[in-house]
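Here's the structure, in structure tokens; my notes come after.
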2 protein chains.
Amino acid sequence: MTTAASPRRIGAESSRTRAQLLDAAELLLLEEGYAAVTSRRVAAKAGLKPQLVHYYFRTMDDLFLAVFRRGAEHNLERQARALASPKPLWALWDFNCDPRGTALTMEFTALANRRPTIRDEIANYAERFRHQQAEALVGVFRQYGIDTGELPPTAVLILMSSIPRILLIENALGMTTGHAETVALVERYLTRFEGDRPSEPSAV
Amino acid sequence: MTTAASPRRIGAESSRTRAQLLDAAELLLLEEGYAAVTSRRVAAKAGLKPQLVHYYFRTMDDLFLAVFRRGAEHNLERQARALASPKPLWALWDFNCDPRGTALTMEFTALANRRPTIRDEIANYAERFRHQQAEALVGVFRQYGIDTGELPPTAVLILMSSIPRILLIENALGMTTGHAETVALVERYLTRFEGDRPSEPSAV
DNA sequence: GTCTATACTTCGATAGAC
DNA sequence: GTCTATCGAAGTATAGAC
């Protein structure tokens, strides 16, 4: 399921080396951003030769997509579990506040806007992701008796995903003004609907 | 005021060519992201020779900083005007919703996290920017009689800047679910405090 | 499956002529 | 102020030996 048909050999998906390259690429993506994910640097981080990247992935876009897919499936499952938990709003909030996931999401989004090949798949996934959330939240809101005209579930979703992102970005720059207040504000709402934060912070 | 002392010649700040290079760099930054801003591509976009970039800016970091500074000063003034307008919350919201400014901010933020040389200046500016907002908003909230324990002005600032960003990002991916609802939600609040949106949308 | 070797491109940056 | 010329480093990607 790579980008294009090719006469070239491609390494098996089950390969241990391939997994190492994926790990290295993901780490680089997190630590230094998509621009730092080059075949040479990925290989160096994995302690391998640069040509192996092209043996296993042919193009850099294929590598990016492979990293993305590996995380995406896992993510949808985690989110489904969060939405099915006893306190879904809290679970969703904690899920969105995971810095690693948030950073990866932002990096892939930036990448999608620069690489046409990757764009479609990421946009498609993002829609599925959002849809999964929306569907669950409609039920939750009905159950809680929330007036969805006043507070539409889709708007809540956007708030719950945009806030952690900007907090993470600002934190990286050393900014913290208003962060505690914002988190407190959100969590006051969560508490109003679902009581205190679950003791086990949704170990997803 | 460049990064380092150097024996090399540097072109005058008043140069017309220099301004063209700045324009080209800013445009590239907006259209294709920071990774696309290379000396060769900037020069090509301006219809000039690549070496001129290094004549006027010595390093690429100097170029980035020059683009940033040119916009930053202008931005602080615009925001000051917005905050001094008769309906400051509406003005601030409209200001934050400007897609060009938002996109540039995001690009520079990403850049700051990858380039140590640039980082400090951007972080410093962001703090000043936020501080200017916070100071003004405290007065506004007092005037409107808003309970700042319930709704802290700094939290409102984070909401008002994070929401337009995620809407812009999602839009770029073709996602629109919940956008209208979120904007409507915010604007209901703005209307509650300041009445209808000012007819002249804060021509800043 | 991994290696050497290599082709070609683009990058940042500088020296020096005009 | 702008040009030609040029460096060395890093980028993607491929061919073919082992």
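Naming convention: chains lettered A, B, ... in sequence-line order (proteins, then strands); numbering from 1 in each chain.
Remark: the backbone N or O of B:R165 is not paired with any side-chain donor or acceptor of A:S162 at under 3.5 angstrom.
Atom CD of B:E73 is surrounded by 12 or fewer heavy atoms from other residues, nucleotides or ligands within 6.0 Å.
Along DNA chain D, the nucleotide nearest to A:Q51 and the one nearest to A:A35 differ in position, and the one closer to the 5' end is contacted by A:A35.
Taking only side-chain nitrogens and oxygens, B:S39 never comes nearer than 4.0 Å to OP1 or OP2 of C:dC11. Contact annotation: A:R8 side-chain N/O to D:dT14 OP1/OP2 distance is under 4.0 Å. Within the 4.0 Å cut-off from OP1 or OP2 of C:dC11, at least one side-chain nitrogen or oxygen of B:T38 is found. At D:dT2, one or more side-chain N or O atoms of B:T17 fall inside 4.0 Å of OP1 or OP2 (strictly under the cut-off). In this model, the phosphate group of C:dC3 is not approached by any side-chain N or O of A:Y55 to a distance below 4.0 Å at OP1 or OP2. Note on B:H54: a side-chain N or O is less than 4.0 Å away from OP1 or OP2 of C:dA13.
Rounded to a whole Å, the CG atom of A:L63 is 14 Å from the C1' atom of D:dG11. One can place CZ of B:F57 at 14 Å from C1' of D:dG1, the figure rounded to the nearest angstrom. Rounded to whole Å, atom C1' of D:dT4 lies 12 Å from atom CG of B:L52. C:dT10 atom P lies 16 Å from atom CE of B:M60, rounded to whole Å. Straight-line distance from the CG atom of B:D61 to the C1' atom of C:dC11: 14 Å, rounded to whole Å. Nucleotide D:dA13 holds its C1' atom 17 Å from the OH atom of A:Y56, rounded to whole Å. Rounded to whole Å, the distance from CG on A:L48 to P on C:dT2 is 7 Å. The NZ-P distance, from B:K45 to C:dT10, rounds to 17 Å in whole Å.
Put simply, the side chain of B:Y125 does not reach to within 4.5 Å of the side chain of B:I122, judged on heavy atoms.
Under 4.0 Å is where a charged nitrogen must lie from a carboxylate oxygen, and between B:E32 and A:R114 no such pair does.
Residue A:K49 places its side chain closer to C:dC3 than to any other of C:dC3, D:dG1, C:dT2. In this structure, the nucleotide among C:dT2, D:dT12, C:dC11 sitting nearest to the side chain of A:R40 is D:dT12.
For the pairing with B:E121, the side chain to side chain contact (heavy atoms under 4.5 Å, CB included) check across B:F68, B:F64, B:F108 returns one residue only, B:F68.
With hydrogens and angles ignored, no donor-acceptor pair under 3.5 angstrom links the side chain of A:R58 to the base of D:dT14.
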